Number of protein chains: 2
Amino acid sequence: MLTGVNIMLTERQLLLLQMIIDDFIDTAHPVGSRALSKKEDIPYSAATIRNEMADLEELGFLEKTHSSSGRVPSEKGYRYYVDHLIAPISIRNDIKIINDIIKDGFFEFEQIVQMSAEVLSELTNYTSIILGPELNDTKLKQIQIVPLNDHTAVAILVTDTGHVEHRSFTIPTVINASDIEKMVNILNERLQGVPIVRIEEVFQKEITALMKLYLRDFDTSYEYLKAIFLHEHPVKLYIGGKSNILLQPEFNNVDKIRSFYTMMDNENEIANLLKNTKHGIEVTIGTENEVDAIKDLSLITASYQLGKGQMGTIALLGPTRMEYKKVISLLSSLSNEMSDALYKWYKSYE
Amino acid sequence: MLTGVNIMLTERQLLLLQMIIDDFIDTAHPVGSRALSKKEDIPYSAATIRNEMADLEELGFLEKTHSSSGRVPSEKGYRYYVDHLIAPISIRNDIKIINDIIKDGFFEFEQIVQMSAEVLSELTNYTSIILGPELNDTKLKQIQIVPLNDHTAVAILVTDTGHVEHRSFTIPTVINASDIEKMVNILNERLQGVPIVRIEEVFQKEITALMKLYLRDFDTSYEYLKAIFLHEHPVKLYIGGKSNILLQPEFNNVDKIRSFYTMMDNENEIANLLKNTKHGIEVTIGTENEVDAIKDLSLITASYQLGKGQMGTIALLGPTRMEYKKVISLLSSLSNEMSDALYKWYKSYE
DNA sequence: GTTAGCACTCGCACCTATCGAGTGCTAATG
DNA sequence: CATTAGCACTCGATAGGTGCGAGTGCTAAC
């Protein structure tokens, strides 16, 4: 993107940049030349480091909070750090934990995902967000209707991702048991394989006509039945550790907290954040993200696969001063773990 | 409770106390004698008011934030205000709104409740909490098992409150279709009317033995089937407007916000708050509530009825400086509205 | 090229002065 | 005798002043 990023840095500059960012991520305090020169791995004097720091600042990798403060990484600095300075870290025991939880007897997709979100936020102290699979790619697999009594019934919808949902509705008085059976047959025949987002449309256009042929007085029933499909299909969001953000020292003033929480209350906005993620891991640092509410936060996203290629997204939201090393490796392993676990689980529904 | 509360106050003291509390609820600023004397309804001089204020403080109804500040209501003051000074306010248009939403075509209990919670918090700018009906009184009404394919099935549980739940589980290979039918019959026969909280126990003690008689190799199946009932039955909590609290001026420091949000993340603690509410409206002011995390908040609870007498709770959580007038009338009407709407809805499930 | 030295900058913590809103008390008033 | 005007006093909030320390940039010496 920025061609300037490819400027050659000397070995020493690389070392210093890395040390500075590591230190700042660790302590949240601006890093000074003297403190840095005292570190084990640094054989240079404070004065030398000051010179290098001035150069790194001129190149845009570092910033000062005021004219005589220590240095703080700039967004460009973090970007360079993430792109070039992070050694692929060995995968930790953390992953084992998640793995164990996933394996440890689960029954619903929702539970796996919610638990993963919680574990993830607990391991990182950031806020985790998991987006369910894209509905665009999810198709209806099966419908069942189970009468509960004379005037109510439950419809069970199963998708090809193995997601099960139920909807209660009132049975129109004009319909009897054999009608329902006919109806279920028609619905299954016609709606199998139809993408969830198009079901309402298909139901109205194709099936209504068909049903009129087979069912007496279908027009009356229509009002009741459409409730099954009209039902909004919100994108499922699983959020963990919302209040972790309060532990971060950068969230020390009420305004920041307020804007963070008002954003987190708006599911649409969050869903938008995660919508356009591609395969693999993506790191967005501060204003690299257009969404205003997180302009001083970093967002790390990873995609996971679900069965036949539907994609979901796992993300972590934290201050730009984020433990990128840990988070990136954690997220990449978790997305693999989740894909694996969900694939196995998905197989069992075929 | 406190006998001291019954001390006779003069007309003037009552008037002043009311004006002071009203004013403070409105502005959140300590109320001074001079400002008060300028009000329309107050024909007394600042000096007189100061004398009365000193008396009211001595009686424990008012406090000072520091030695030369204006007066602020004490908890005892709020308590007196709520018990004696609130004129039953005319019910506003607010209620119509809720009413409309409830009537406006719904399908699930959850939706009514969640929407009510959101409306409630929006109307008040406080945090609303609605607790689902007490599980102790809720009984199982019906079980259905619907096979989805050779190795998975969905169990549908219906309670006498009309609540429907589904649970996916793996069908043991040793069981076939006719076994399932037998099973469902046994389950329905034995579990109907059993309180939700006792289902797991009854299933283990009574039904397991019975099923061994009728089903081959039931021991193997048991492991799979118990999943249906083992499933935790969390108390359902519906929370609206969590971040409304940030709008209150008393939440101007990070620590308070932190302790509030960490409490709100703990559903058990919240459920405990609302557990022991009785019929009717209850107001708990500040430390009147034993729970430490809300010791400078007020909690107003109202119960609602669901069908055969199961009880749920609606609550509002806000600063002790709460608009008690508005909130109390709002809550009492809403609880009636909800009871009515749910009763009708419940009837349709009988 | 590296480093020691030094003047300089700025945030922060602490103190101080001032201002204003509010009080308690006393003495005057109807 | 209740009410009120007057006045000294208190305290929080705000603004300006001082000293300290961590840190910088620059220069000159190594």
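Each chain gets a letter, A, B and so on, in the order its sequence line appears, and its residues count up from 1. Here the structure is a predicted model, which is why all the values come from computation and not from measurement.
- Contact check for A:Leu316 versus A:Leu299: no side-chain heavy atoms found under the 4.5 Å cut-off.
- For A:Tyr261 and B:Tyr261, the gap between ring centers is short of 6.0 Å.
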Hey, mind stepping through B:Thr127 and B:Asn244 against side-chain hydrogen bond (donor to acceptor under 3.5 Å, both in side chains) and telling me if it holds?
-> CA-CA 6 Å; B:Thr127 299; B:Asn244 279 356; 5.9 Å; no

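- In this structure, the side chains of A:Leu297 and A:Phe260 come closer than 4.5 Å at one or more pairs of heavy atoms.
- Taking every heavy atom of residues 38-52 of chain B and every atom of DNA chain C, pairs under 4.0 Å involve B:Arg50, by number.
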Using distance only, find each side-chain donor-acceptor pair of residues 30-43 of chain A under 3.5 Å and give its atom names and separation, not counting sequence neighbours.
unit_1	atom_1	unit_2	atom_2	d
A:Ser33	OG	A:Arg50	NH1	3.1
A:Ser37	OG	A:Arg34	O	2.7
A:Lys39	NZ	A:Asp23	OD1	2.7

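- Atom-to-atom, CD of B:Glu11 to P of D:dA2 comes out at 17 Å; the value is rounded to the nearest Å.
- With salt bridges taken as basic N to acidic carboxylate O contacts below 4.0 Å, one links B:Arg12 and B:Glu52.
- The side chain to side chain contact (heavy atoms under 4.5 Å, CB included) search around B:Asn253 returns B:Asp255, B:Lys256, not counting sequence neighbours.
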Just the atom pairs and distances: protein N or O near nucleotides 11-22 of chain D's N or O, under 3.5 Å.
unit_1	atom_1	unit_2	atom_2	d
D:dC11	OP1	B:Ser67	OG	3.2
D:dC11	O5'	B:Ser67	OG	3.4
D:dC11	O4'	B:Ser68	OG	3.3
D:dC11	O3'	B:His66	ND1	3.3

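- Under the 4.0 Å criterion applied to side-chain N and carboxylate O atoms, B:Glu288 and B:Arg79 are assigned as salt-bridge partners.
- Taking 4.0 Å as the cut-off between side-chain N and carboxylate O, B:Glu250 and B:Arg321 count as a salt-bridged pair.
- Contact footprint of chain A on DNA chain C: nucleotides with an atom under 4.0 Å from a non-hydrogen protein atom, first to last in 5' to 3' order, C:dT2 to C:dG11.
- Considering only residues two or more places apart in sequence or on other chains, B:Asp26 meets the side chain to side chain contact (heavy atoms under 4.5 Å, CB included) condition with none of them.
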